[in-house]
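Below is one structure, written out as structure tokens, with a few remarks after it.
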Amino acid sequence: MNRNLIAIRTMPNDEITGLLDLAAEFKAKINAGEDVPSMKKTVIGLLFFENSTRTRVSFEQAAFYLGMRSSNFATSASSMTKGETLKDTILTLRHERINGLVMRHKSSGAPMLAAKHFGGPVLNAGDGQHEHPTQALADALTILERKTSLEGLNVSIVGDVEHSRVARSNAWLLDKLGANVRLVGPRTLLPPHPSMLPGECYDELEEGISGADVIICLRLQRERMAEGMISSIGEYASLYQINADTLRFANPGCLVMHPGPINRGVEIDDVTADGDSAVINQQVENGVFVRMAAFYWCFGGQQS
Ligand code: ASP
């Protein structure tokens, strides 16, 4: 059975844990040099309408490990610059017999539209400020490798929560699997209707990270932010930066995470980003394995 991977919010818990288990299994196999399933008859289209380093390359790497062929679709070189609509672009790729699509788009909901017209699996690689499901899976796998269970963990998501799709996917996933989610940031960057997202809101950093077992730092999403939402970068950093000084309010052994790209010196300082509590590189690495699991799951475990 073919499936789409669009949002964590609508995924049943057993599918989330199944994907995490599968990712861990693929990681163990790749690390041991063992065979993983071959999906060599599958061609996947990578459609990135917004910039990406980590997500795009890790989807490519995941496709490579599974023996798939990936076809990169450079939006600046496509017929969309001649006025072709997203729908017609998707229909073209469908009739060129691309089997699945990985899509990043600035509009929330674009992968859902693509799924309607494509007729094969569509994987959301980040849509506007809606969701980034594979990032949340990579983050959960990274936490689980160090804390064993998410149940009862205090996880503080700090920064520009309102404009962050990473915050949304993480809040849903962590809440579903039993963590206590806290959303921390200036009022202007917290969701205007907090009841729409699981978690408690805090606008004081010290209170929001007190007793935290995990802190997920977020970049200010300036590309999605109206002017004037923060007074200045300097003031924001002085109030919300994760550094040695602020980290002492968290629990000993607190993990510091960041989905990247990092703006060093703003949401996190250099020492913490490169320090022992940080698991940022591990999040990147696990991104490859959760995306392998996502491909395998979306194509119904099909092997050839
Ligand atoms: N890379 C993540 C995303 O695409 C986080 C970020 O850009 O700040 O949402």
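Here the structure is a predicted model, which is why all the values come from computation and not from measurement.
A donor-acceptor contact closer than 3.5 angstrom is absent between the side chains of His163 and Arg222. Inspection of the Ser169 and Glu131 side chains reveals an N or O donor paired with an N or O acceptor under 3.5 Å. Asp14 and Thr17 are not linked by any side-chain donor-acceptor pair at a separation below 3.5 angstrom, with hydrogens and angles left out of the test. Residues Asn281 and Glu285 have side chains that never bring a donor and an acceptor to within less than 3.5 angstrom of each other.
Side-chain atoms of Asp127 come within 3.5 Å of backbone N or O of Gly109 as a donor-acceptor pair. Under the 3.5 Å distance criterion, the side-chain polar atoms of Arg182 are left unmatched by any main-chain donor or acceptor of Glu200. With hydrogens and angles disregarded, a donor-acceptor distance shorter than 3.5 Å links the side chain of Asn4 to the backbone of Val122. For Asp160 (side chain) and Leu220 (main-chain N/O), no donor-acceptor pair under 3.5 Å exists by modelled atom type. The backbone N or O of Val158 sits nowhere less than 3.5 Å from a side-chain atom of Ser156 that would complete a donor-acceptor pair.
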TODO: Would you check, one step at a time, whether the test ring pair (Phe, Tyr, Trp, His ring centres under 6.0 Å) holds for Tyr65 with Phe26?
DONE: CA-CA 10 Å; Tyr65 278 142; Phe26 282 152; 9.8 Å; no

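When every heavy atom of Phe295 is checked against every heavy atom of Met39, the shortest pair comes out as O-CE, 3.8 Å. Closest approach of Phe59 and Ala125 over heavy atoms only: CE1-CB, 3.8 Å. Nearest heavy atom pair, residue Leu150 against residue Leu174, reads CD2-CD2, 4.0 Å. Residues Met229 and Thr188 share a closest heavy-atom pair of O-OG1, 2.6 Å. The two atoms that bring Val43 and Asn99 nearest to each other are N-OD1, 2.7 Å, heavy atoms only. Here the closest heavy-atom approach between residue Leu22 and residue Tyr296 is recorded as CD2-CD2, 3.6 Å.
Residue Arg291 is tested with Leu123, Thr55, Leu5, Asn286 for a side chain to side chain contact (heavy atoms under 4.5 Å, CB included); the sole match is Thr55. With Val155 as the fixed residue, the side chain to side chain contact (heavy atoms under 4.5 Å, CB included) test singles out one of Val214, Leu255, Ile215: Val214. Each of Leu93, Ile98, Val102 was compared with Leu47 under the side chain to side chain contact (heavy atoms under 4.5 Å, CB included) criterion, and only Leu93 meets it.
Comment: Glu162 engages Arg168 in a salt bridge, judged by a side-chain N to carboxylate O separation of less than 4.0 angstrom. The residues Arg146 and Asp213 are annotated as not salt-bridged, no charged nitrogen and carboxylate oxygen being separated by less than 4.0 angstrom.
To the nearest 0.5 Å, atoms OG1 (Thr246) and OH (Tyr240) are separated by 12.5 Å. Rounded to the nearest 0.5 angstrom, Glu84 CD and Thr92 OG1 are separated by 4.5 Å. Here the straight-line distance linking atom CD1 of Ile233 with atom CD of Glu267 works out to 9.0 Å at 0.5 Å rounding.
With a 4.5 Å cut-off on side-chain heavy atoms, Ile143 and Met257 count as touching.
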